[in-house]
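Each remark here refers to the structure printed beneath this line.
Keep in mind that the numbers below use all heavy atoms, side chains included, and drop hydrogens, waters and symmetry copies. First the proteins, then the strands, lettered A, B, ... as listed; each starts at 1. All values derive from a computational prediction rather than experimental measurement.
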Amino acid sequence: MLRTKLAELFRAILSELVGEGRLPAEVLQIPIEISDPKNPEHGDFACNFALVASKVSGMNPRALGEALAEKLTANYSSILTEVEVAGPGFINMRIKPEFVAGYVETVLTPDFRLESASRVAHPLKINVEFVSVNPNGPITIGSGRGAAYGSTLCNVLEAVGNTVHREYYINDGVNSEQMRQFAESVKAIIEGRPVPDKGYKGDYVHEVAEKIATKDQTIDWYQEQSQKLMLDAQRSVLAQFGVEYDTWFSEQSLHDSGMVDAEIDSMVDKGIADYSLTRTKLKMAKGGRIEDVLFETQKTDAEEEDEVNLDALIPTPIPIAEPSMAGSVADPDPLELLDPMPDHITTLDEEEVDREISEGSPVDNDGVTLWLRSAKLGDDMDRVLRRRDGRLTYIASDVAYHKDKFNRPAGTDKLITVLGPDHHGYIGRLTAVVAAMLMAKPQVGEPLIDDIDAKLFKDSGEKEACEAALAEAKRRLEVQIFQLVRFVKDGKPAPMRKRDGNIYALIDLMKEIGVKLKPEGSEAEQLEAGKDVARFFYLMRSHDTTFDFDLDLAEKQSDENPVFYVQYAHARICSVLAKAEAALGAAKAPNLSALLVHDREKALIKKIVDLPDEVRRASEDYGMHRIANYAIELARTFHYFYDGCRVIQEDQPELSKARMKLCEATKRTLKTTLDLLGVSAPEKM
RNA sequence: GCGCCCGUAGCUCAGUGGAUAGAGCAAUUGCCUUCUAAGCAAUUGGUCGCUGGUUCGAGUCCAGUCGGGCGUGCCA
């Protein structure tokens, strides 16, 4: 907020200097950065503009700095007390205490909203999809990072003025092999048969079976029932973790409404999908450059049968990655650990393949694959939309889904998808999907000369249409990948799976931490404590880097735990304010700037003033850890103030009341910060 | 092979191209007859993996290289 104000001042004096002919107009293009000097001797804020603009202005940095400083002093002595040029050309500034202290009063006005201070220039309508795991298992501690990150990202994006829609995509397509296996497992348990070798065996499967407990139904019925139960469980855990959605979107609904078929027709019409038997693959060189375009000829079913080549029919061993969005490992075996559903089937045997082929053909393609020509849209190869047996792939529903998402909120500008580390290969694919959906039907163009282009595209018209669509897709789809979390206990990596072979679920993590922290507390209190600590730990580190979740530290109810450090500051303020009000009456706003002159008071005010900048920055680079780190810094600055500046002093009522005001501002700012993180701000501890 | 992420204090990690690289944990030592000691202060601890480049200025940007983690290489 202050920074923005200072940048405006610079902008104004630059215009003036340009107007006077002392500087070339180009300097107005240079962005102005106001920084925060580490050394207090360098003033409250500094600006490096003279150094940056030296070349463009044709002046040496020192001289340019002097010119700027002179103008600042002349025009803005009401705000700035001291302006000096230092070192190679930094402009160091001190701000009038009245001006800074005014912000404390602003923070305390009843209708003050964070958004008003940190609002971005052009608010967007944004759809954020996060977590979205398959409804065939509990939310794991791996998905926990995505849940904490995604929900706080939404809060932050909203705080800077965007309209945000929180969305969960339910992978409930009836063709899902995994959901079918899950249903088979549940059915087997109910009917007293052993779970198929490669079926789902965790405790939660038995819980689902117990709840359903009805025999002799069709497998479709079991699939529907077990899916519904798992989804309810996921919804409830996420709610306890502080995550709420605007929309739970069903994949199957896209098929039922005919949207998927419509999109497929549209893509075929635009020529970006076709039945030609050739698949394009790109050979990539370092740096993402296309080195060569390769073609592979596919065989039809009829030819295939002649060769009796079953191998080619078996869908690649089903990716362990599938249900995952995992995001956490702890054990040396990465594959096993990445999979939050370790008990489920990972391959199909030949018999199952036969059954698939004979049963599951809603549409017959005459044994010919329908390809999305995604290699033309930045992906490294073409992808299958409809298998030879007629079943649609998940990519087909993705096209329709992404089109539909732009309706939530109405007129959506941007889609953000938060994915786990095992999905980073999806970025190109999803971008191609959105590009295919947005693409216009190509005009007929000129033949292409460049070797690679000529191989890849029909003509210049198609190339242009594809490139335009891809550029638009990149603008409108943002995929954020969060990295792995390693859980550490007793200084060693903790297994993702418990001793009994069950998965480590998010709800277990919350309960375990809660029980340790509040052994005497109610279940609800324990869950809340577990939620607070887990959320804070997930959010403390950049989502873009793997980190260790220290369970020992998380379970400590002491000064070592940063969550308590921050919460304690809030509780401490509440206690002090209550006591102060009893002794001195309500806080008033006397002359804050004249009274709050102690170094520790000024440091605290400055930190409070920083929140809008920090929030805006987080909204720009998606770094939610900034908010958690800010919370720690604000708490530290408060504790430091508390230690050096006694609030309640009966012989100095004016000063006491001013400090009470400062405490209230801190309390409010801490609360706002913790709200963004989804962590509670207790009034006493 | 290609892609993504990481390499900063003994450990876990911050760090907006800027001035003397920070915090927490761990270690040592002080501070409660006054507002919550779940707090504060002080001390110790660094070839920012390596080599070049861009720049007035590089932990930060670029190229290369070494090391670690993960993903991916024909129809989930």
Side-chain angles (χ1 to χ4, degrees), chain A residues 33-39 41-42 46 48 51-52 54-55 60-61 86-90 92 176-178 279 281-286 288 291 296 298 312-322 329 334 338 369-371 380-389 391 393-395 421-428 481 483-484 486 488 491 540-542 544-550 553 556-562 564-565 567-569 571-580 583 613 617 621 625-626 629 632-633 635-636 639-640 642-644 646-649 656 659 663 684-685:
Chain A
E33 282 172 33
I34 305 294
S35 65
D36 206 355
K38 284 164 202 158
N39 187 337
E41 283 171 25
H42 296 145
N48 61 358
L51 290 159
V52 177
S54 152
K55 197 164 275 179
N60 81 51
F90 292 104
N92 294 336
S176 163
E177 187 54 37
Q178 292 170 41
R279 175 185 212 174
K281 283 186 77 175
L282 304 180
K283 190 176 176 199
M284 306 302 285
K286 204 147 202 177
E291 193 169 78
E296 289 173 5
Q298 304 290 303
L313 286 178
I314 298 178
T316 325
I318 311 264
I320 356 192
E322 168 36 69
V329 290
L338 248 185
T369 303
L370 174 62
W371 294 97
D380 52 4
M381 63 176 125
D382 293 341
R383 306 282 171 179
V384 175
L385 284 171
R386 181 146 42 209
R387 300 177 179 91
R388 279 184 290 202
D389 62 17
R391 289 183 303 149
T393 66
Y394 75 102
I395 292 179
D422 49 338
H423 283 61
H424 104 257
Y426 282 36
I427 298 175
I481 303 284
Q483 300 296 323
L484 295 163
R486 213 163 52 122
V488 175
M540 242 178 358
R541 307 302 184 200
S542 164
D544 214 18
T545 185
T546 56
F547 84 104
D548 286 1
F549 191 118
D550 187 338
L553 186 56
K556 265 189 213 168
Q557 183 169 354
S558 74
D559 51 342
E560 295 154 35
N561 193 327
F564 287 101
Y565 184 81
Q567 291 185 321
Y568 180 67
R572 206 177 200 189
I573 296 171
C574 293
S575 162
V576 172
L577 281 175
K579 209 156 262 186
D613 281 315
R617 223 175 274 157
D621 68 8
H625 64 291
R626 290 178 181 288
N629 285 320
I632 293 173
E633 282 172 25
R636 180 172 36 244
H639 287 311
Y640 183 58
Y642 178 88
D643 194 61
R646 194 179 163 73
V647 176
I648 304 169
Q649 299 188 54
S656 293
R659 286 184 174 167
C663 284
K684 61 180 172 193
M685 288 172 73

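- Dashed line: the shortest gap from a side-chain N or O of A/R659 to OP1 or OP2 of B/C35 is not under 4.0 Å.
- Residues satisfying the ring-ring contact (aromatic ring centres under 6.0 Å, His included) criterion with A/H639, sequence neighbours excluded, are A/Y565, A/Y568.
- A search for salt bridge (charged side-chain N to carboxylate O under 4.0 Å, His left out) contacts involving A/D621 returns A/R626, not counting sequence neighbours.
- Within 4.0 Å of A/A571, counting heavy atoms only, lies at least one base atom of the nucleic acid.
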For nucleotides 12-14 of chain B, which of its nitrogen or oxygen atoms have a protein nitrogen or oxygen under 3.5 Å away, and what is each distance?
| from | atom 1 | to | atom 2 | distance (Å) |
| --- | --- | --- | --- | --- |
| B/U12 | O2 | A/R541 | NH2 | 3.3 |
| B/C13 | OP1 | A/T546 | O | 3.4 |
| B/C13 | OP1 | A/D548 | N | 2.7 |
| B/C13 | O2' | A/R541 | NE | 3.3 |
| B/C13 | O2' | A/R541 | NH1 | 2.2 |
| B/A14 | OP1 | A/S542 | N | 3.0 |

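- Across the C1' atoms, B/C35 and B/U28 are found 30 Å apart, a figure rounded to whole Å.
- At whole-Å resolution of the value, CZ in A/R646 and P in B/C40 are 18 Å apart.
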- Could you walk me through whether A/D389 and A/R391 pass the salt bridge (Lys or Arg N to Asp or Glu O under 4.0 Å) test, one step at a time? CA-CA 6 Å; A/D389 62 17; A/R391 289 183 303 149; 3.2 Å; yes
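- Here A/Y640 lies in heavy-atom contact (under 4.0 Å) with sugar-phosphate atoms only.
- Shown here are the ring-ring contact (aromatic ring centres under 6.0 Å, His included) partners of A/F90, two or more places apart in sequence or in another chain: there are none.
- A gap of 15 Å separates the P atoms of B/C2 and B/A63, to the nearest Å.
- Taking CZ of A/R387 as the reference point, atom OG1 of A/T393 lies at 6.5 Å (rounded to 0.5 Å).
- Rounded to an integer number of Å, the gap from OH of A/Y565 to C1' of B/A38 is 11 Å.
- Taking the 5.5 Å centre cut-off and the 30° plane limit, the aromatic side chain of A/F90 is classed as stacked on B/A19.
- For the pair A/I427 CD1 and B/C4 P, the computed distance is 9 Å after rounding to whole Å.
- As judged by a 4.0 angstrom heavy-atom cut-off over every strand, A/A46 is placed among the base-contacting residues.
- Regarding A/Q483, its CD atom lies at a distance of 14 Å from the C1' atom of B/G7, rounded to whole Å.
- Residue A/H639 is classed as a sugar-phosphate contact, given heavy-atom separations below 4.0 Å to backbone atoms only.
- Within 4.0 Å of A/M284, counting heavy atoms only, lie sugar-phosphate atoms of the nucleic acid but no base atom.
- For the salt bridge (charged side-chain N to carboxylate O under 4.0 Å, His left out) test, no residue two or more places apart in sequence or in another chain qualifies with A/D550.
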Identify each atom pair where a protein N or O and an N or O of nucleotides 55-61 of chain B are less than 3.5 Å apart, giving names and distance.
| from | atom 1 | to | atom 2 | distance (Å) |
| --- | --- | --- | --- | --- |
| B/C56 | OP1 | A/K55 | NZ | 3.2 |

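- The side chain of A/K281 lies closest to B/G73 when the candidates are B/G71, B/G73, B/A19.
- At whole-Å resolution of the value, OH in A/Y642 and C1' in B/A41 are 16 Å apart.
- B/A23 and B/A41: their P atoms are spaced 10 Å apart (whole Å).
- The two residues A/L51 and A/P61 make their nearest non-hydrogen contact at CD2-CB, 3.8 Å.
- Separating the OG1 atom in A/T369 from the CZ atom in A/R386 is a distance of 11.0 Å, to the nearest 0.5 Å.
- Of the two residues contacting RNA chain B, namely A/M685 and A/G425, the nearest-nucleotide position lying further toward the 5' end is that of A/M685.
- In this structure, OH of A/Y426 is placed 23 Å from P of B/C2, rounded to the nearest angstrom.
- Annotation: B/A38 and B/C48 have their C1' atoms spaced 33 Å apart (nearest Å).
- Between B/G68 and B/U55, the two P atoms lie 35 Å apart (nearest whole Å).
- Across the interface with RNA chain B, nearest-nucleotide mapping of A/A580 and A/D621 shows A/D621 to be the residue nearer the 5′ end.
- Partners of A/N629 under the side chain to side chain donor-acceptor pair (under 3.5 Å) rule, at least two apart in sequence or in another chain, do not exist in this structure.
- When side chains are defined from C-beta on, A/S35 does not count as touching A/N48, because their heavy atoms never get closer than 4.5 Å.
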Between the protein and nucleotides 27-31 of chain B, list every N/O to N/O distance that falls short of 3.5 Å.
none

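- A stem is defined here as three or more consecutive Watson-Crick or G-U pairs, each with both distances under 3.5 Å; for RNA chain B these stems are B:1-7 with B:66-72, B:10-13 with B:22-25, B:27-31 with B:39-43, B:49-53 with B:61-65.
- Both geometric conditions, a ring-centre gap below 5.5 Å and a plane tilt below 30°, are fulfilled for A/H42 over the base of B/A19.
- In B/C32 the base sits syn relative to the sugar, since the glycosidic angle is no further than 90° from 0.
- Contacts of A/R383 with the nucleic acid, taken as non-hydrogen atoms under 4.0 Å apart, are absent.
- Nucleotide B/U16 holds its P atom 14 Å from the CG atom of A/D613, rounded to whole Å.
- Two residues are said to be in side-chain contact when any heavy atoms from C-beta on lie closer than 4.5 Å; A/W371 and A/V384 meet this criterion.
- Among B/A37, B/U16, B/G69, the nucleotide with an atom closest to any side-chain atom of A/R617 is B/U16.
- If you take atom C1' in B/A9 and the same atom in B/G24, they sit 12 Å apart, rounded to whole Å.
- Checked against salt bridge (charged side-chain N to carboxylate O under 4.0 Å, His left out), A/K579 has no partners two or more places apart in sequence or in another chain.
- Nucleotides B/G53 and B/A14 are separated by 28 Å at their C1' atoms, to the nearest Å.
- Nearest heavy atom pair, residue A/D548 against residue A/R486, reads OD2-NH2, 2.9 Å.
- Going from the P atom of B/C11 to that of B/G7 covers 14 Å, rounded to whole Å.
- In this structure, CZ of A/F564 is placed 12 Å from P of B/A38, rounded to the nearest angstrom.
- In this structure A/R383 satisfies the side chain to side chain donor-acceptor pair (under 3.5 Å) test together with A/D379, A/D380, sequence neighbours excluded.
- Of the possible donor and acceptor atoms, none in the side chain of A/N92 sits under 3.5 Å from a partner among the backbone N and O of A/A46.
- Atom CZ of A/R572 is separated from atom CE of A/M685 by 11.5 Å, given to the nearest 0.5 angstrom.
- In this structure, A/T393 reaches the sugar-phosphate backbone alone: every heavy-atom distance under 4.0 Å involves primed, P, OP1 or OP2 atoms, never a base.
- Checked against salt bridge (charged side-chain N to carboxylate O under 4.0 Å, His left out), A/E633 has the following partners two or more places apart in sequence or in another chain: A/K607.
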